[in-house]
Amino acid sequence: MADPEKKVTPSNETSGSEDATQPNGRSNTTPNRSPVDGRWAVVVVIAVFVARTVLTSQIVAMSVLIGEWEGQLGIPAVQLAWSYSIITCLRYCAGPIAGAVNRTLGCRPLVFIGGILALLSLICLSFSTELWHIISCSVVLGTSYGLVDQGCVIAVGIYFDRWHGLANGFAFSGASVGVMVGPLLTTILVNIFT
């Protein structure tokens, strides 16, 4: 049975606390210091925006790199296109792996592990000279992009409650920015550094 003398305050509603007031009228709870919908949530959504921009721009930039690899390595573009397909496929199929890592470690280590793996595979990809080098680096790269991508989805869900839809819309619009910027930036960098 509900106590009619219990006062319901906004902090009680958000925290779900039933015993927020003591018999003497004092509150035994601390103020709600949750990061949800707070200042850190804005930092998280900006970081997810940047991460999605970088991931998508690197994946889309593979089409430019396929043309460069074909000219320099003499491998047919039809075979090199498998790298793009593998990266894209594994980015979205890495969900079960990302879920297992998230359940045991959390979303921050998930993104960190994915970022380190992506960095190492990109460094190895820059030294590749044969098709099997490119394909094996693409497998690791696609899996690591999947870890980072799923970690970004989880992070927005953790840090936003009331503004979750708006935060998702802003954070995931980074993918469209990456699609526009990736091939252009890669072409400029290839022309400068090769």
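These figures come from a predicted structure and were not determined experimentally.
Annotation for Ser138 and Ile87: closest pair O-CG1, 3.5 Å, computed over non-hydrogen atoms. For Ser128 against Ile134, the heavy-atom pair with the smallest separation is OG-CG1, 3.4 Å. Of all the heavy atoms in Ala171 and Val156, the pair that sits closest is CB-CG2, 4.1 Å. Nearest heavy atoms, Thr186 versus Ala61: OG1-CB, 2.9 Å. Across every non-hydrogen atom of Ser121 and Ser144, the tightest pair is OG-OG, 4.4 Å. Across all non-hydrogen atoms, the minimal contact from Ile75 to Glu130 is CD1-C, 4.0 Å.
Taking Ile, Leu, Val, Met, Phe, Trp and Tyr as hydrophobic and joining them when side-chain heavy atoms fall under 4.5 Å apart, one finds Leu119 in a cluster with Ile123, Phe127.
Sorted by first and then second residue, the ring pair (Phe, Tyr, Trp, His ring centres under 6.0 Å) pairs with a member in residues 49-101 read Phe49-Phe170; sequence neighbours excluded.
Although no hydrogens or angles enter the test, the distance criterion places no donor-acceptor pair under 3.5 Å between the side chain of Ser57 and the main chain of Gly182.
Looking at Thr88, Val54, Leu141 one by one, the single match for side-chain contact (heavy atoms from CB on, under 4.5 Å) with Ile59 turns out to be Thr88.
The shortest side-chain heavy-atom distance between Val148 and Cys152 falls under the 4.5 Å cut-off. Between His164 and Asn168, some side-chain heavy-atom pair lies under the 4.5 Å cut-off. Inter-residue side-chain proximity for Ile158 and Cys107 is flagged as met; some heavy-atom pair is nearer than 4.5 Å. In this structure, the side chains of Val101 and Gln150 stay at 4.5 Å or more apart for every pair of heavy atoms. Side-chain contact between Leu147 and Leu117: present, with at least one pair of heavy atoms (C-beta onward) separated by less than 4.5 Å.
Note that CG of Leu65 is 10.0 Å distant from CG of Leu80, once rounded to the nearest 0.5 Å. A distance of 5.5 Å separates CE of Met62 from CG of Leu125, quoted to the nearest 0.5 Å. The structure places CG of Asn102 at 10.5 Å from CD1 of Ile113, a figure rounded to the nearest 0.5 Å. From Thr187, atom OG1 reaches atom CG of Asn191 across 6.5 Å, with rounding to the nearest 0.5 Å. For the atom pair Ile135 CD1 and Ser85 OG, the distance stands at 9.0 Å (nearest 0.5 Å). Atom-to-atom distance recorded for Arg108:CZ and Ile154:CD1 is 12.5 Å, nearest 0.5 angstrom.
Connection of Val181 to Val179 is not established within any shared hydrophobic cluster, with ILVMFWY side chains joined at heavy-atom distances below 4.5 Å, either directly or through further cluster members. Hydrophobic cluster membership differs between Val60 and Val177, with clusters built from Ile, Leu, Val, Met, Phe, Trp and Tyr side chains linked at under 4.5 angstrom. By the criterion of side-chain heavy atoms lying less than 4.5 angstrom apart, applied directly or through intervening Ile, Leu, Val, Met, Phe, Trp or Tyr residues, Ile188 is not grouped with Val190; the two fall into different hydrophobic clusters. Transitive grouping of hydrophobic side chains (ILVMFWY, heavy atoms separated by less than 4.5 Å) keeps Val140 and Leu55 in distinct clusters. The same ILVMFWY cluster, assembled from side-chain heavy atoms under 4.5 Å apart, contains both Ile46 and Phe160.
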For this session: Please step through side-chain contact (heavy atoms from CB on, under 4.5 Å) for the pair Thr56 and Arg91, ending with a clear verdict.
Result: CA-CA 10 Å; Thr56 309; Arg91 176 183 180 187; 3.6 Å; yes

For this session: Given side-chain contact (heavy atoms from CB on, under 4.5 Å), test Met180 with Leu184 step by step and report yes or no.
Result: CA-CA 7 Å; Met180 291 186 293; Leu184 178 65; over 6 Å; no

Problem set entry | Verdict with supporting geometry, Val153 and Phe172, side-chain contact (heavy atoms from CB on, under 4.5 Å) | CA-CA 9 Å; Val153 172; Phe172 296 128; 3.6 Å; yes

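Around the CZ atom of Phe112, the shell of radius 6.0 Å holds no more than 12 heavy atoms that belong to other residues, nucleotides or ligands.
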